[in-house]
Amino acid sequence: MYKPRISLLCDTQSQANSTASELKCPYGVHQINKTIKNQEHPYWSHANKTATSPQISTYLYNNRDIRFFTYWTRDVYNSTGCYNLRCPGFVPANGAALVPGQAVAPPSVYGEQDHYVTISLNKDPNSGDWVVYRHDLETPSYLGHFPGDICPGTPGTLALTGFVSYQKGAQGPPMGSGHLPNDQDDKKTAYFKHMKLYDGKGHTVDPITTPMVRVVDRPDCYDETSVIVKIKSGYMFYYGGPPGCKG
């Protein structure tokens, strides 16, 4: 299985313990908002990880619906962790507005209308649990939590990531809207908007002084822009690429 990635890595050792951002959900997007501890980027060979965001997975769901997912692992997919509720891990809230595996609708329409969800993942300073909220509704909605002992401590690296996966020898699927982020048009390109960090007291802050590293392992197929600041969108970047990647 080949997994090209686009990531923005943030060094958070001194000022934050998680992220919140607005995630566009166009047809074909497979993106992850993840918190990673002890990451040896860009290969992530020894990471503890919790993840939550929209995804498309024909392997998990047997269709191409955009779905909210959660994931955790202590050894990068080797023997621990699982997607959604397939093993003990993520604990959904009673009556949650969005549960792991649930379809997110409607999808964006290329060139006409973009739709998004705003998700945050934060280590609660009181309980130590990793709590997940949805923020694009009328009021913030608590979706559930990862118990704190799944990924103990404070992560050294956070990553806002888009990725695709496919069998070796096959052609890769589209990432994001299926277009490179050249025109930086919200109705045509996938994005992360309103990027925020949480400090140790649970307050959100802009990543003004946060060192960020851009990682694109297949620039011949997919790409991302640098972080920019827009009045209505805050700190953000665009990413994606067309289908047909080989190798």
Side-chain angles (χ1 to χ4, degrees), residues 10 12 16-27 29-36 49-57 60-61 65-72 81-109 113-151 155 158-162 176 186 190-207 232-236:
C10 307
T12 62
N17 62 7
S18 193
T19 58
S21 66
E22 182 177 291
L23 315 173
K24 182 178 179 180
C25 303
Y27 183 78
V29 69
H30 189 168
Q31 57 189 357
I32 292 182
N33 179 358
K34 50 176 83 170
T35 301
I36 303 172
K49 182 186 309 179
T50 58
T52 176
S53 194
Q55 74 169 168
I56 289 176
S57 175
L60 290 176
Y61 312 113
D65 292 343
I66 301 168
R67 296 178 182 270
F68 172 70
F69 88 101
T70 60
Y71 189 86
W72 72 272
C82 65
Y83 278 101
N84 301 333
L85 307 178
R86 297 188 172 199
C87 69
F90 184 77
V91 181
N94 292 329
L98 197 61
V99 297
Q102 179 179 334
V104 180
S108 296
V109 179
Q113 190 172 22
D114 65 313
H115 297 279
Y116 62 86
V117 294
T118 305
I119 301 292
S120 68
L121 173 64
N122 176 43
K123 187 174 183 181
D124 186 285
N126 297 314
S127 67
D129 294 334
W130 294 93
V131 295
V132 180
Y133 278 83
R134 180 177 180 178
H135 299 271
D136 57 291
L137 306 176
E138 292 185 2
T139 58
S141 178
Y142 174 59
L143 302 183
H145 71 277
F146 295 95
D149 57 2
I150 281 183
C151 289
L158 307 176
L160 297 174
T161 305
D186 290 6
Y191 55 66
F192 283 85
K193 281 185 178 180
H194 299 295
M195 294 162 51
K196 295 281 188 178
L197 297 176
Y198 284 92
D199 63 21
K201 297 181 180 179
H203 301 141
T204 58
V205 296
D206 289 325
K232 294 184 178 181
S233 302
Y235 287 79
M236 68 170 298

Indicate the atoms forming the closest heavy-atom contact of Gly176 with Ala190, along with that distance. CA-CB, 3.6 Å
Closest non-hydrogen atoms of Lys193 and Ser233, given as atom of the first, atom of the second and distance, are CE-OG, 3.3 Å
Measure the shortest side-chain to side-chain distance between Lys196 and Asp206 over non-hydrogen atoms and say whether it is less than 4.5 angstrom. yes
Which label fits Phe69 and Tyr83: parallel for a plane angle under 30°, tilted from 30 to 60°, or perpendicular past 60°? tilted
Work out which heavy atom in Asn122 is nearest to a heavy atom in Gly202; give both atom names and the distance. ND2-CA, 4.3 Å
Heavy-atom side-chain proximity of Val104 to Val117 below 4.5 angstrom: yes
Can you tell if the side chain of Lys232 reaches within under 4.5 Å of the side chain of Asp186, non-hydrogen atoms only? no
Could you check whether any side-chain N or O of Asn84 sits under 3.5 Å from a backbone N or O of Thr70, counting only pairs where one atom can act as donor and the other as acceptor? yes
Taking the side chain as C-beta and beyond, is there a heavy-atom pair between Pro100 and Phe68 under 4.5 Å? yes
If I compare all heavy atoms of Pro54 with all of Ile66, which pair ends up nearest, and what's the gap? CB-CG2, 3.9 Å
Any side-chain heavy-atom pair of Met236 and Phe192 under 4.5 Å: no
Could you check whether any side-chain heavy atom of Ile56 comes within less than 4.5 Å of a side-chain heavy atom of Tyr61, counting everything from C-beta outward? no
With sequence neighbours left out, what residues match Tyr142 under side-chain hydrogen bond (donor to acceptor under 3.5 Å, both in side chains)? His145
Counting distance only, does the side-chain N/O of Arg67 pair as donor-acceptor with the main-chain N or O of Gly101 below 3.5 Å? yes
Does a side-chain heavy-atom distance below 4.5 Å link Trp72 with Cys87? yes
Looking only at heavy atoms, the pair that brings Arg134 and Ala97 closest together is NH1-O, 4.1 Å
Student check: side-chain heavy atoms of His194 and Thr118 closer than 4.5 Å: no
